[in-house]
Amino acid sequence: MTATATLLILKNINQVYGRGERRFTAIADVNLVVEAGEFVALLGPSGCGKSTLLRIITGIQPPTRGQILYGGQPLTGVNPRATIVFQSFALFPWLTVQENVEVALQARRVPAKLRTTRALDLLDRVGLDGFETAYPRELSGGMRQKVGFARAMAVEPELLCLDEPFSALDVLSAEALRDDLLELWHGGHIPTKAILLVTHNIEEAVLMADRIVVMHKDPGRIIAQLPVDLSHPRKRKTYQFLEVVDAIYGILAGHTQPEDEELGTAPGEPGLTRGLPHIGINDLSKMLEFIAEEPGDRADIYRLAEEFKVRSDAILHLLEAAELLGFASIAQGDITLTPLGETFGEASILARKEIFATRLRRLPLFKWLITLLAAADKKQLRGNVVQTALELEFHPKEAQRQLETAIAWGRYAEILSYDVGTEVLYLEPGGGGIPPAVDSGEAAGAI
């Protein structure tokens, strides 16, 4: 398809949650234009505000600040010419397949006879002819999501928004559904004028989109836009395809900054508080071991996702952890082990724990946590108390994830212990958790 008109314009979109000290910026100064005929992918790590932006675009939630223009007119309320397909199937289990599609038309007050005709036609187009009277429980995940697509397209949206619609499916079902959607889109079998896909999967974005809008977090913002000038159907193993994938990994992974910038600041201090990446220590160890076996202790980042068969955002979290702990440096889409990273990769289990503990104590967020515990009665605190303190820096869900990651990392390093039954977090006796410089006076001013 070729672009003929501007459908959507976003001007300086900001989304802020909370007030005062608990104020959290989810999206900052986002500007975006979507033309008719475009398939655009919003790509970025979890927590960068992709789904929030989609809800703003469709009018489900208003932005804190900024303007949305659709068809040249300011958007107020829900956009009747746009619709969303969500990650979850979101079907009514008590309705048949056909009734699930018709319910969207009923909400638009489409006459019953026309509802039936249009629903049957769409089910045929998405390959569900013969399943009209089946119930969702009788269908596979891929088939249920096809019903979701049919229901979204039943209202003939100009803008079809897809919020990670393939992520809940198995690999084969997701691949088949992507192919089906592209066939409908490129064949002109749906009335949609533009598609906006939210995804964290880099290969998926390159496979489907004409343009990729790359977002990053803290706060959520657009950091790059790349056209994908590859003909369809696209082949994953071609040099041209891998070149685009590699370029996007390079943008998202960035390059290693000087240590004071890389580590960030502790909660409550001026500057950006760097959160702990949500990764498993065993996964990090496996990645470092793999890189250590590569020539020059260096690897292309896109190869890591392929090697470990994990999602691209999972690899980016592992890269962030390796960088933050000083085990690796990143530049131009490549990761290279530092001497410490090489040592960690080759060390025994006990030696790895010692290295990890030493590096962990350097991280401002973890030093803050140790100081907080050192100031507490019996050097222990309930988890919800720590989480409340973290919520001054992070969104509540992210604060919970930060606490969970800190506990997992601290237990591995034998610095912290955690009682699941009482939900109490405390310093490991004799584990070296309290830095020599920390006394009760310093600790008292931690928060």
Side-chain angles (χ1 to χ4, degrees), residues 17-18 22 24 26 44-49 51-52 87 164 167-168 200 217-220 263-268 272-287 308 310-325 327 352-353 356-376 379-428 431 433-434 446-447:
Y17 297 105
R22 293 177 181 268
F24 169 75
S46 300
C48 71
S51 295
T52 299
Q87 176 180 339
E164 302 196 32
S167 61
H200 54 251
K217 59 181 180 178
D218 300 327
L263 295 180
T265 60
L272 177 65
T273 297
R274 183 80 180 267
L276 305 176
H278 311 300
I279 58 102
I281 307 302
N282 286 339
D283 294 331
L284 177 63
S285 299
K286 289 176 184 176
M287 185 184 76
F308 293 105
V310 297
R311 303 184 320 188
S312 51
D313 63 332
I315 284 295
L316 291 169
H317 285 313
L318 287 169
L319 296 175
E320 186 182 358
E323 194 175 38
L324 194 61
L325 292 163
F327 294 154
R352 282 184 178 181
K353 282 178 173 284
F356 192 87
T358 300
R359 305 305 291 180
L360 193 56
R361 293 191 192 98
R362 294 172 58 254
L363 305 186
L365 187 145
F366 210 86
K367 287 197 289 188
W368 166 86
L369 179 57
I370 290 173
T371 304
L372 195 66
L373 288 167
K379 296 180 173 50
Q380 63 183 38
L381 287 169
R382 290 186 64 85
N384 61 349
V385 173
V386 178
Q387 182 174 328
T388 299
L390 286 170
E391 286 176 9
L392 297 177
E393 297 287 344
F394 302 100
H395 187 273
K397 287 185 179 179
E398 180 59 25
Q400 181 182 355
R401 287 193 291 264
Q402 286 296 317
L403 176 60
E404 291 169 355
T405 302
I407 289 171
W409 287 22
R411 292 173 84 176
Y412 172 80
E414 298 182 11
I415 295 174
L416 304 177
S417 290
Y418 181 69
D419 188 311
V420 178
T422 60
E423 298 183 346
V424 169
L425 178 67
Y426 52 93
L427 292 175
E428 184 75 55
I434 307 173
I447 56 172

[atom1] of [X] to [atom2] of [Y]: how many Å apart, nearest 0.5 Å?
X: Tyr418; Y: Ile407; atom1: OH; atom2: CD1; result: 5.0 Å
X: Ile415; Y: Glu428; atom1: CD1; atom2: CD; result: 10.0 Å
X: Ile370; Y: Lys379; atom1: CD1; atom2: NZ; result: 13.0 Å
X: Phe308; Y: Met287; atom1: CZ; atom2: CE; result: 7.5 Å
X: Arg274; Y: Gln402; atom1: CZ; atom2: CD; result: 10.5 Å

With Thr52, which residues qualify under side-chain contact (heavy atoms from CB on, under 4.5 Å), at least two apart?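 Only Gln15, Tyr17, Ile27, Arg55, Ile56, Gln61 meet the side-chain contact (heavy atoms from CB on, under 4.5 Å) criterion with Thr52.
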With sequence neighbours left out, write down each residue that passes side-chain contact (heavy atoms from CB on, under 4.5 Å) with Glu164, or none if nothing qualifies.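 Scan of Glu164 (side-chain contact (heavy atoms from CB on, under 4.5 Å), adjacent residues dropped) gives Lys50, Gln87, Ser167, Val198, His200.
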Lys/Arg N to Asp/Glu carboxylate O, Arg401 vs Glu404, below 4.0 Å: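 Result for this pair is no, no salt bridge flagged.
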Show the nearest heavy-atom pair for residues [X] and [Y], with the distance to one decimal.
X: Ala406; Y: Leu369; result: CB-CD2, 3.9 Å
X: His317; Y: Pro277; result: O-CB, 3.5 Å
X: Leu325; Y: Arg362; result: O-NH1, 4.4 Å
X: Leu403; Y: Gly383; result: CD2-O, 3.3 Å
X: Pro396; Y: Gln387; result: O-NE2, 3.8 Å

Flag, side chain of Lys217 to backbone of Gly49, donor-acceptor distance under 3.5 Å: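 A pair under 3.5 Å: no.
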Test your reading of the model: is there a side-chain donor-acceptor pair from Arg382 to the backbone of Thr422, 3.5 Å cut-off?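 Yes, because the side chain of Arg382 sits within donor-acceptor range (under 3.5 Å) of the backbone of Thr422.
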Check the orientation of Phe356 and Trp409. Use parallel for under 30°, tilted for 30 to 60°, and perpendicular for over 60°.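 Plane angle over 60°, so perpendicular.
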When you look at Leu316 and Leu319, which way does the side-chain contact (heavy atoms from CB on, under 4.5 Å) test go after all the steps? CA-CA 5 Å; Leu316 291 169; Leu319 296 175; 4.1 Å; yes
Hey, are His278 and Glu320 close enough side-chain-wise for a donor-acceptor pair under 3.5 Å?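 Result is no, nothing qualifies.
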Does the side-chain contact (heavy atoms from CB on, under 4.5 Å) test come out yes or no for Leu284 and Leu318, once each step is laid out? CA-CA 6 Å; Leu284 177 63; Leu318 287 169; 4.2 Å; yes
Is it true that atom NZ of Lys286 has more than 12 heavy atoms of other residues, nucleotides or ligands lying nearer than 6.0 Å?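 Result for NZ/Lys286: open.
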Could you please spell out the steps behind the side-chain contact (heavy atoms from CB on, under 4.5 Å) verdict for Leu416 and Phe366? CA-CA 11 Å; Leu416 304 177; Phe366 210 86; 3.6 Å; yes
State, with a plain yes or no, whether a side-chain heavy atom of Arg359 is found less than 4.5 Å away from one of Leu324.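 Result no, sub-4.5 Å side-chain heavy-atom pair not found.
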Applying side-chain contact (heavy atoms from CB on, under 4.5 Å) to Thr273 and Phe394, what does each step give before you reach the verdict? CA-CA 9 Å; Thr273 297; Phe394 302 100; 3.9 Å; yes
